[in-house]
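Have a look at the structure below before the remarks.
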Amino acid sequence: MAFAMAIPTAWFSSLGASNKLLTSSTPFEPFKLPRFWPWQKVKMGPLSVSPMGFGTWAWGNQLLWGYQEGIDSELQRAFNLIVENGINLFDTADSYGTGRLNGQSEKLLGKFIREFEGKKQAKDNIVIATKFAAYPWRLTPGQFVNACKSSLDRMQVEQIGIGQLHWSTANYAPPQELALWDGLVAMYEKGLVQAVGVSNYGPKQLLKIHDYLKARGVPLCSAQVQFSLLSMGKDQTEIKNICDSLGIRLISYSPLGLGMLTGKYTPSNLPQGPRGLLFRQIIPGLEPLLTTLKEIAQRRQKTMSQVAINWCICKGTIPIPGVKTVKQADENLGALGWRLKSEELRQLEDAARESPRKMIQNIFQTR
């Protein structure tokens with residue numbers, strides 16, 4: 001009672017329905033709940049990352065995503081919004097960018113980090129996860145280390161958070177695989193990366209590289225795989241189980257199925273370019289899943305994208321949806337701060353199984 005009496009009644013009159021101070025004279029900004037709390041960050045090897053990251057595949061990719069250099073300012077605004085909301089994991093690759101724009105994604109990410117004008121702590125906590133392509137001319141550990149150094153130069157950073165092998169060569173060039181693994185070990189030992197990970201590794205190869213790196217004293221911190229309501233097959237389940245048992249974090253790329261789970265596209269409204277050809281094959285067979293996604297989204301007052309991303313989070317993965325606009329960034333951030341109920345998870349997974357079409361597997365995915 002004494003505490004209540006000590007508070008000026010004028011203070012209460014300055015509160016609106018949204019519980020924000022409305023007086024213009026206050027020097028403080030209205031209190032805004034964070035998208036997630038500090039204790040909800042995820043351990044990934046020696047790193048602490050947000051429960052969701054963002055992917056930068058579209059940055060520089062003209063063929064699939066229609067990138068034009070004129071959108072760079074919009075990308076930067078989207079990046080700033082993402083970091084200001086506590087996200088610190090950004091995934092890129094040395095192969096992202098088409099033609100003369102090869103490496104553009106890394107260049108832009110480095111530029112946006114350098115020019116970020118927000119809180120220094122948020123800037124310092126950013127974790128870059130980049131992938132090094134298993135090009136056929138990268139035949140020795142030294143060449144793979146040089147690839148890492150080139151990425152450091154493009155981004156103008158001293159160290160990369162997670163250095164990842166973009167894909168396995170086990171399907172077509174088994175001898176090259178060991179050299180690439182040794183390259184990961186070397187870049188880790190030289191301090192060029194804080195941790196190492198893999199991408200597009202199937203269950204068998206994942207176990208092999210984990211054991212090889214462990215014997216060399218290098219922990220495998222992450223495994224990136226296509227994982228979504230469109231890609232929840234036997235391999236994905238097996239990979240997730242292996243990751244859980246070995247303490248590896250699973251990063252789920254394409255959590256929105258290249259956009260098919262956003263609700264934006266229909267058989268009569270398809271994106272241009274190669275995606276349109278793929279969507280034409282798959283979307284007509286997704287009616288049960290898209291209907292269920294829409295119903296749950298409406299019931300929870302969320303968007304279909306937010307529900308699809310939240311499903312990935314609820315499955316114990318770290319989704320990295322792509323982003324090209326501030327609007328997309330803001331919408332995808334809305335996947336945080338809540339969780340689907342177990343019954344809703346079951347409904348979505350049942351609907352996914354009932355849908356006759358699935359996402360096409362990445363051609364670089366190994367067993």
Side-chain angles (χ1 to χ4, degrees), residues 52-82 87 89-113 128-136 138 147 150-151 153-156 160 162-167 199-200 224-228 230-231 251-262 264-265 270-283 305 309 319-329 331-332 359-365:
M52 178 178 81
F54 276 84
T56 64
W57 182 16
W59 300 6
N61 189 303
Q62 295 176 317
L63 177 65
L64 197 64
W65 298 105
Y67 168 82
Q68 298 295 330
E69 290 173 86
I71 71 168
D72 287 356
S73 58
E74 176 75 1
L75 293 177
Q76 188 161 19
R77 286 192 293 271
F79 172 86
N80 291 342
L81 176 67
I82 291 164
I87 301 298
L89 177 64
F90 290 87
D91 180 78
T92 183
D94 65 357
S95 62
Y96 285 177
T98 50
R100 65 178 181 83
L101 295 172
N102 191 49
Q104 181 77 347
S105 175
E106 288 186 334
K107 291 176 184 176
L108 288 174
L109 180 57
K111 176 179 182 288
F112 297 164
I113 293 172
I128 298 171
T130 195
K131 299 181 291 293
F132 310 113
Y135 291 136
R138 290 176 177 170
S150 294
S151 289
D153 289 344
R154 272 190 293 273
M155 292 185 282
Q156 297 183 37
I160 288 164
I162 310 170
Q164 306 163 97
L165 176 51
H166 203 155
W167 64 83
S199 177
N200 296 309
Q224 192 173 143
V225 68
Q226 185 171 262
F227 190 98
S228 72
L230 283 181
S231 306
I251 300 174
S252 46
Y253 74 77
S254 294
L256 298 175
L258 301 182
M260 279 184 274
L261 298 180
T262 64
K264 178 180 177 180
Y265 301 104
L270 300 170
Q272 295 181 343
R275 278 199 306 152
L277 299 175
L278 178 66
F279 284 28
R280 184 175 288 110
Q281 299 175 47
I282 298 176
I283 282 186
S305 295
I309 295 170
I320 48 169
V323 61
K324 289 202 299 181
T325 66
V326 170
K327 182 179 179 182
Q328 286 176 347
E331 178 179 358
N332 290 344
M359 176 61 80
I360 295 172
Q361 190 83 330
N362 191 309
I363 59 171
F364 289 113
Q365 181 75 36

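All residue numbers in this chain count up from 1 along the given sequence.
The salt bridge (charged side-chain N to carboxylate O under 4.0 Å, His left out) test applied to Arg280 returns no partner, not counting sequence neighbours. With sequence neighbours left out, Lys107 forms a salt bridge (charged side-chain N to carboxylate O under 4.0 Å, His left out) with no residue at all. Arg154 is linked by a salt bridge (charged side-chain N to carboxylate O under 4.0 Å, His left out) to Glu106, counting only residues two or more places apart in sequence or in another chain.
Under the 4.5 Å side-chain criterion, counting only non-hydrogen atoms from C-beta, Ile113 is not in contact with Met155. Counting heavy atoms from C-beta on, the side chains of Phe132 and Asp94 come closer than 4.5 Å. At least one side-chain heavy atom of Phe279 sits less than 4.5 Å from a side-chain heavy atom of Met260. Using a 4.5 Å heavy-atom threshold, the side chains of Leu261 and Ser305 count as separate. Side chains of Ser199 and Trp167 form no contact here, defined as non-hydrogen atoms less than 4.5 Å apart. Contact annotation: the side chain of Leu101 approaches that of Tyr67 to within less than 4.5 Å [non-hydrogen atoms, C-beta and beyond]. Phe54 places none of its side-chain heavy atoms less than 4.5 Å from the side chain of Leu89.
A donor-acceptor pair under 3.5 Å is absent between the side-chain atoms of Arg138 and the main chain of Ala147, judged by distance alone. For the pair Lys131 (side chain) and Gly163 (backbone), a donor-acceptor distance under 3.5 Å is absent. Panel note: side chain Thr325, backbone Gln328; a donor-acceptor pair is recorded below 3.5 Å. With hydrogens and angles disregarded, no donor-acceptor distance shorter than 3.5 Å links the side chain of Asn200 to the backbone of Val225. A donor-acceptor pair under 3.5 Å links the side-chain atoms of Thr98 to the main chain of Gln62, judged by distance alone. Between the side chain of Ser105 and the main chain of Gly60, no donor-acceptor pair closer than 3.5 Å is present. Of the possible polar contacts, one joining the Thr262 side chain to the Gly259 backbone as a donor-acceptor pair under 3.5 Å is found. Within the 3.5 Å criterion, the main-chain N or O of Lys327 finds no donor-acceptor partner in the side chain of Glu331.
The CD atom of Gln156 sits 11.0 Å away from the NZ atom of Lys111 when rounded to the nearest 0.5 Å. The OH atom of Tyr96 sits 6.5 Å away from the OG1 atom of Thr56 when rounded to the nearest 0.5 Å. Rounded to the nearest 0.5 angstrom, Leu75 CG and Glu69 CD are separated by 11.0 Å.
Using modelled atom types, one finds no donor on one side chain facing an acceptor on the other under 3.5 Å when comparing Thr92 with Thr130. Between the side chains of Gln224 and Asp91, at least one donor N or O lies within less than 3.5 Å of an accepting N or O.
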Checklist entry - Can you check side-chain contact (heavy atoms from CB on, under 4.5 Å) on Asn332 and Leu256, steps first, answer last? => result CA-CA 10 Å; Asn332 290 344; Leu256 298 175; 4.2 Å; yes
Next on the checklist: Working note: Phe112 + Trp59, criterion ring-ring contact (aromatic ring centres under 6.0 Å, His included); need CA distance, chi angles, decisive distance, verdict.
Outcome noted: CA-CA 12 Å; Phe112 297 164; Trp59 300 6; 5.4 Å; yes
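Ring geometry for Phe79 versus Phe90: interplanar angle of 30 to 60°, hence tilted. Aromatic ring pairs are classed by plane angle as parallel below 30°, tilted from 30° to 60° and perpendicular above 60°; the pair Trp57 and Trp65 is perpendicular.
Contact between Ser252 and Pro319 at its shortest, heavy atoms only, is OG-CA, 3.1 Å.
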